[in-house]
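Beneath this line is the structure, given in structure tokens, with notes to follow.
Every chain is numbered from 1, with letters handed out A, B, ... down the list of sequences.
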Amino acid sequence: MTDKHKREKFEQTAMPHLDALYSMALHLTEKKEDAEDLVQETYLRAYRFFDSFSQGTNFRAWIFKILKNNFINRYRQSVKEKDVESYDTEDFYLYNTLKESEDKNPEAAVLRKFESGEIRQAVAELPPEYKEALVLCDMEGLSYEEISHILNCPVGTVRSRIHRGRRMLQKQLYELGMQKGYFKKREGSS
Amino acid sequence: MNCDELKAVVYDYLDGELPAEKMSGADAHVASCASCENKISFEKSYRLLLRKSLTAQEAPSALKAKVRVRLAAEERHFFPEFLPRIFARPSLSFALALCLSILVVLPIFQSHKQPGALPHIIRIMNLPKKEAAHFLECKDCQDKIINMVLHHEEEEDPSHVHLVSFDDALRHLEKCEPCRRRAVEMIRAHIRMQT
């Protein structure tokens with residue numbers, strides 16, 4: 001394959017993933033400029049190693065893995081580790097807490113009070129390993145198996161990160177909803 | 001399936017990760033249990049909102065152009081488009097050649113063609129002189145072997161810095177016997193192919 005053909009084939013395969021990669025990069029770096037740099041580096045690196053990509057296998061998982069590796073190499077060291085234990089909680093935290101405070105089954109409409117930016121901010125505040133797994137699952141709709149390939153960890157670890165990340169996020173959103181006055185205060189609470 | 005059994009697998013259920021028989025058991029329970037049905041319905045709405053909020057970030061239009069430009073530059077980084085115009089003017093082409101020699105070529109030669117590079121490769125790779133010399137000169141073999149080392153390092157440790165150079169690859173081969181053996185096979189296969 002000539003260089004020109006290689007590039008054409010690569011662009012044909014890789015460019016449709018640009019929005020998804022940029023979204024993921026933005027979630028990881030939290031800065032537009034860094035996200036753009038990360039995406040460009042990912043494309044260059046994927047292009048250099050395109051010959052080693054096995055045709056017919058999952059290109060999306062492959063290029064996401066490159067993005068994630070690039071992120072680790074460049075940015076992870078500067079990311080402050082967060083205290084995970086302090087905001088872990090139960091499944092269905094939002095539903096259960098709202099049910100308790102409103103004394104009836106909560107309606108999904110209450111969730112629409114959140115603005116997209118508020119939800120993105122809450123996701124951004126999750127510890128990186130939980131955020132990565134959650135975004136790949138809930139935003140990209142990837143399977144646990146694909147995520148395990150990208151994050152280079154067992155499926156069981158992916159499962160536990162996703163589940164735990166969700167519980168943390170629901171607790172954060174509940175607290176944000178209370179601050180913003182989206183939810184009623186529980187009786188007896190100050 | 002009852003409420004407690006569903007609770008234990010609820011995220012797998014919502015993510016479509018349950019095996020088919022468990023999935024239909026969970027579906028049947030949700031359809032017959034108002035309490036679980038309410039929870040699942042609320043959770044599905046929550047996820048829809050989450051997905052909508054997280055995916056509404058389109059890449060800037062300029063980014064696509066930047067990526068394409070960098071890929072094109074990568075393809076022809078030794079022969080950029082402006083070079084023919086420069087080579088049309090002897091004084092400029094001489095100046096360019098001089099600058100390249102100083103800035104690019106000399107450091108490359110200094111990196112792995114410095115005196116002692118060949119014995120170093122012979123020792124690390126445990127290769128006869130002729131094969132080691134081939135490795136030192138052959139860009140194809142170097143690329144293939146660097147690529148192999150890179151993939152191995154990525155598999156071993158995803159948090160490792162993966163920008164592998166020729167010297168990094170040699171350091172890896174020095175401590176990794178399986179990679180060294182594969183590298184030797186690659187070099188020998190390439191030499192056989194050429195002769």
Side-chain angles (χ1 to χ4, degrees), chain A residues 3-4 6-7 10-11 15 18-23 26-27 32 36 39-40 43-44 47-49 51-52 65 68-70 72-73 76 91-92 94-96 98 105-108 111-112 114-120 123 135 137-141 143-144 151-153 159 162-163 166 169-170, chain B residues 7-8 10-12 14-17 34-64 66-77 143-144 146-148 150-151 153-163:
Chain A
D3 283 353
K4 194 177 173 215
K6 178 185 164 186
R7 182 163 63 88
F10 176 77
E11 285 191 9
M15 292 315 275
L18 183 74
D19 284 345
L21 288 166
Y22 176 72
S23 277
L26 207 50
H27 286 296
K32 287 183 178 176
E36 288 197 26
V39 169
Q40 289 182 57
Y43 271 92
L44 274 186
Y47 177 62
R48 282 173 197 154
F49 294 98
D51 293 335
S52 66
K65 186 175 184 180
K68 190 254 174 182
N69 278 341
N70 276 352
I72 288 174
N73 292 336
R76 176 60 67 81
D91 288 338
F92 292 118
L94 262 179
Y95 180 89
N96 291 337
L98 291 174
N105 289 332
E107 298 289 332
L111 298 171
R112 288 196 281 274
F114 285 108
E115 289 172 15
S116 293
E118 290 171 341
I119 293 176
R120 283 202 294 272
V123 171
V135 168
C137 184
D138 284 346
M139 181 181 85
E140 286 306 314
S143 68
Y144 292 179
L151 301 183
N152 211 17
C153 63
R159 177 180 281 109
I162 290 171
H163 296 186
R166 282 183 179 144
L169 183 61
Q170 289 210 354
Chain B
K7 195 180 168 192
V10 70
Y11 283 140
D12 283 21
L14 285 163
D15 289 333
E17 293 278 340
S35 168
C36 287
E37 202 274 332
N38 283 335
K39 275 187 188 176
I40 295 292
S41 163
F42 184 87
E43 190 71 18
K44 281 182 177 169
S45 302
Y46 163 75
R47 285 177 180 219
L48 210 61
L49 179 79
L50 193 62
R51 182 165 291 197
K52 221 171 126 189
S53 305
L54 295 180
T55 48
Q57 295 168 86
E58 215 172 280
S61 51
L63 179 60
K64 194 172 187 176
K66 281 183 201 168
V67 168
R68 285 188 193 280
V69 166
R70 289 191 68 177
L71 290 175
E74 179 74 12
E75 178 195 313
R76 54 166 199 269
H77 67 285
D143 283 348
K144 276 185 198 163
I146 286 172
N147 202 2
M148 174 189 74
L150 184 94
H151 280 278
E153 292 199 346
E154 276 183 354
E155 279 169 17
E156 291 276 302
D157 177 9
S159 64
H160 185 75
V161 177
H162 299 303
L163 299 171

Self-check item: Minimum heavy-atom distance Y22(A)-A59(B), with the two atoms named
Solution: CD2-CA, 3.4 Å
Practice problem: Please look at M139(A) and chain B and tell me whether the side chain, the backbone, both or neither of the residue comes under 4.5 angstrom of a heavy atom of that chain. | Solution: both
Quiz item: Does a side-chain heavy-atom distance below 4.5 Å link Y46(B) with L169(A)?
Solution: yes
Quiz item: Only one of D138(A), V123(A), I119(A) forms a side-chain contact (heavy atoms from CB on, under 4.5 Å) with S53(B), so which one is it?
Solution: I119(A)
Quiz prompt | Inter-residue atom distance R68(B).CZ - E11(A).CD, 0.5 Å rounding | solution = 4.5 Å
Quiz item: Checking side chain to side chain contact (heavy atoms under 4.5 Å, CB included) for the pair R159(A)/D15(B): CA distance, chi angles, key distance, verdict?
Solution: CA-CA 10 Å; R159(A) 177 180 281 109; D15(B) 289 333; over 6 Å; no
Quiz item: Hey, what do you get for NZ (K66(B)) to CD (Q40(A)), rounding to the nearest 0.5 Å?
Solution: 5.5 Å
Exercise. Starting from the C-alpha separation in whole Å, work towards a yes-or-no answer on side chain to side chain contact (heavy atoms under 4.5 Å, CB included) for E17(B) and S143(A).
Key: CA-CA 8 Å; E17(B) 293 278 340; S143(A) 68; 3.6 Å; yes
Quiz item: Quick one: does NZ or CZ of R166(A) land under 6.0 Å from the six-membered ring centre of Y11(B), within 45 degrees of the ring axis?
Solution: yes
Quiz item: Please walk me through it: do Y47(A) and V67(B) pass side chain to side chain contact (heavy atoms under 4.5 Å, CB included)?
Solution: CA-CA 11 Å; Y47(A) 177 62; V67(B) 168; over 6 Å; no
Self-check item: Per-residue contact mode, L18(A) against chain B (heavy atom under 4.5 angstrom)
Solution: both
Quiz item: Top residue by heavy-atom pair count (under 4.5 Å) with chain B, among V135(A), L26(A), I162(A)?
Solution: L26(A)
Quiz item: How many angstroms lie between CZ in R7(A) and CG in L71(B), if you round to the nearest 0.5 Å?
Solution: 7.0 Å
Practice problem: Could you tell me the separation between the NE2 atom of H163(A) and the CG atom of D12(B), rounded to the nearest 0.5 Å? | Solution: 4.5 Å
Quiz item: So which part of C137(A) gets closer than 4.5 Å to some heavy atom of chain B, the side chain, the backbone, both or neither?
Solution: both
